Amino acid sequence: MENKSEIQKSKDKNDDRGKTGKDKGIQSFFSHEQKLQRKQEELDELSQNADPLQFLQICHELTRMRRYKESVTFDPATAGSCLVVSELGKRLKFSKTATTTHSADSARFDSPIVLGTKGFTSGRHYWEVRVGLRNDWFVGVAKGTVPRTGMVAVTSRNGFFAIGKKGFDYQVNCPLCTILHLCPRPRNVGIYVDYAEGRISFYDVDEKLHIYSFKLESFAEKMFPCFYLYSRATKSQALVITSV
């Protein structure tokens, strides 16, 4: 009887292992099916909403612009209220507990704005910023003479040429607020500057989409990469200048 009992127990264990293996196989099959379905949905969306020729054109543009990649860093000397620069000038964080020192001749902003360390007076330049899905940010370029005292609005009237997100809306202030209807939401933004042409263009790097362009007659002074960052949350995502 004991031998029969042991044989039955062994059989039950084998049955359980078989069921477990089958369950894992079924889960793996459905997981693979779901991935294929998502991929097909993405391809269908691309075929319905995107112009393949335009997509290839922007891919070509980004490849060309990356030849002018610039080693941009946040300038801690200009970092305004509640901004913390770290990781060798590549990471910008908003912190309500951050302390800043100001002097009579300080280059710092009172607003949560920071400029890039290096400015441009000629040439072509390109860099990329990871903005993630956070709210309340702007990226672009600014004149070296932009106002730095008081609460400064990031608008072209004040010398800022940037796009960003306030609340749930992507927008550009040129000089009035224009809402940008962006779908999907850009997580990595490419910025291209052609000083001679007076051109500033923004791209969704991941989706290979053109977002917006400023076309000025010309630049008359030194231009700097600029960044605005604000958060009401206790913990918030950082802006990161990524490698191109």
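This one's a predicted model, so the numbers in the text were calculated from it and none came from an experiment.
Within the structure, every pair that satisfies the salt bridge (charged side-chain N to carboxylate O under 4.0 Å, His left out) test and touches residues 65-85, not counting sequence neighbours, is listed here: R66-E128, E70-K118. Listed by first and then second residue, the ring pair (Phe, Tyr, Trp, His ring centres under 6.0 Å) pairs that reach into residues 168-199 are Y195-F219, sequence neighbours excluded.
Annotation for I179: hydrophobic cluster partners, listed by chain and number, are none (ILVMFWY side-chain heavy atoms under 4.5 Å, direct or chained).
The main-chain N or O of V84 is never found under 3.5 Å from a side-chain atom of R91 such that the two would form a donor-acceptor pair. Proximity of a side-chain donor or acceptor of S236 to a complementary backbone N or O of S231 within less than 3.5 Å is not detected.
Annotation: the span from S86 atom OG to F74 atom CZ amounts to 9.0 Å, rounded to 0.5 Å. Separation of atoms CG (L133) and CD (Q237) is listed at 6.5 Å; rounding is to 0.5 Å. Once rounded to the nearest 0.5 Å, the distance linking CG of D194 with OG of S122 reads 10.5 Å. To the nearest 0.5 Å, atom CD1 of residue I163 and atom CD1 of residue I200 are 11.5 Å apart. To the nearest 0.5 Å, atom NZ of residue K90 and atom OG of residue S71 are 4.0 Å apart. Once rounded to the nearest 0.5 Å, the distance linking CG of L182 with CZ of F202 reads 12.0 Å.
Residues meeting the side chain to side chain donor-acceptor pair (under 3.5 Å) test with N188, sequence neighbours left out: D206.
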Going by atom type alone, with no hydrogens or angles, which donor-acceptor pairs under 3.5 Å involve a side-chain atom of residues 208-216 and a protein atom two or more places apart or on another chain?
residue, atom, partner, partner atom, Å
K208, NZ, V205, O, 3.2
H210, NE2, Y212, O, 3.4
H210, NE2, S213, OG, 2.7
S213, OG, S201, OG, 2.6
K215, NZ, E197, O, 2.6

Kindly list each side-chain donor-acceptor pair under 3.5 angstrom involving residues 138-152, sequence neighbours excluded, with atom names and distances?
residue, atom, partner, partner atom, Å
T145, OG1, E221, OE1, 2.7
T145, OG1, E221, OE2, 3.4
R148, NH1, A107, O, 2.8
R148, NH2, G144, O, 3.2

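For the pair A153 and F160, the tightest heavy-atom approach, listed with the atom from each and the gap, is O-CD1, 3.7 Å. Between S156 and F161, the closest heavy-atom pair is CB-CE2, 3.8 Å. The two residues L92 and V85 have their closest heavy-atom pair at CD1-CG2, 3.8 Å.
Linking Ile, Leu, Val, Met, Phe, Trp and Tyr residues whenever their side-chain heavy atoms come within less than 4.5 Å places I241 and F224 in a single cluster. Each of Y68 and W127 belongs to its own hydrophobic cluster when Ile, Leu, Val, Met, Phe, Trp and Tyr are linked at side-chain heavy-atom distances under 4.5 angstrom. In the hydrophobic clustering of this structure, V240 does not group with Y203; members are Ile, Leu, Val, Met, Phe, Trp, Tyr whose side-chain heavy atoms approach within less than 4.5 Å, directly or through other members.
Evaluated for a ring-ring contact (aromatic ring centres under 6.0 Å, His included) with F94, the options Y228, Y230, F227, W137 yield exactly one hit, Y230.
Summarising the local packing, CZ of R185 is surrounded by 12 or fewer heavy atoms from other residues, nucleotides or ligands at distances under 6.0 Å.
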side-chain contact (heavy atoms from CB on, under 4.5 Å), that's the test. Do R134 and L229 meet it? Break it down for me. CA-CA 10 Å; R134 59 161 300 117; L229 184 62; 3.2 Å; yes

